[in-house]
Amino acid sequence: MDLCSSQPGQAYDVYFSFSKEDSRRGIADYASKALVMSGIRTFNDENQQLQGGIQLWYHQKEAIQMSRIAVLLLSEDYLSSDYCLEELVMIMGCREAWGMIVVPIFYDVNPSHLRKLRGVVASALARQRVGSYWWRRWKHALHEASDLCGWDRSTSHP
């Protein structure tokens, strides 16, 4: 199944992928504002006046395909969201299809736990009630994301 167009778009420099819960706590807002203040064209669905459901997914899918870089805010809440995990599958598909740059931010998620599906990662994913088709897709995308160079909050000093 082709999840990503074969060529990147030029509408956005960065697609910022995060959980709504992370936004409510201000984590995503801080990171997104830092990008915008640096003059980076960023798609952030919090700034979009879109209706939920299919229309929102269509616009997000299009924005992913029109971005050169994706920043993933990987948190326990992100991993608890089937919507976020499907977004991750699409982003990793674009990485494979045309080399989208993907930068993970491991926010209170250990990258090795992500790779091995342990710790808070296992707890978050256990809340998902889906069939094996979805598990295989998500597990593959999570494993790929865990192998990328990114920023691990737990190893950074204030």
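Contact record, R68 with W98: O-CZ3, 4.2 Å, taken as the closest heavy-atom pair. Closest approach of E86 to W138, counting heavy atoms only: OE2-NE1, 2.7 Å.
Residue R118 places its CZ atom among 12 or fewer non-hydrogen atoms of other residues, nucleotides or ligands, all under 6.0 Å distant.
Atom CZ of F18 sits about 12.0 Å away from atom CG of D77, to the nearest 0.5 Å.
Shown are I69, V71, V36; of these, the side-chain contact (heavy atoms from CB on, under 4.5 Å) with T42 is made only by V36.
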(message) Under the criterion side chain to side chain contact (heavy atoms under 4.5 Å, CB included), I'd like the reasoning laid out for R115 against D147: C-alpha separation, chi angles, the key distance, then a yes or no.
(response) CA-CA 8 Å; R115 188 175 306 107; D147 286 339; 2.8 Å; yes
(request) Evaluate the criterion side chain to side chain contact (heavy atoms under 4.5 Å, CB included) for residue pair L74 and V121; output intermediate values, then yes/no. (result) CA-CA 10 Å; L74 298 173; V121 175; over 6 Å; no
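You'll find the side chain of R95 reaches within 4.5 Å of the side chain of L148, heavy atoms only. Within the 4.5 Å cutoff, the side chain of E76 has no heavy atoms near those of the D108 side chain. Looking only at side-chain heavy atoms (C-beta outward), V120 and H113 stay at 4.5 Å or farther from each other. Using a 4.5 Å heavy-atom cutoff, the side chains of L35 and D13 are not in contact. Under the 4.5 Å side-chain criterion, counting only non-hydrogen atoms from C-beta, M100 is in contact with I64.
Side-chain N/O atoms of Q65 and Y15 include no donor and acceptor closer than 3.5 Å. Side-chain contact check for S112 and N110: at least one donor-acceptor pair (N or O, by modelled atom type) lies under 3.5 Å.
Cluster membership check: Y133 shares its hydrophobic cluster with L85, using side-chain heavy-atom separations under 4.5 Å among Ile, Leu, Val, Met, Phe, Trp and Tyr.
Side chain of S38 to main chain of I40: no donor-acceptor pair is present (N/O by atom type, distance under 3.5 Å, no hydrogens or angles).
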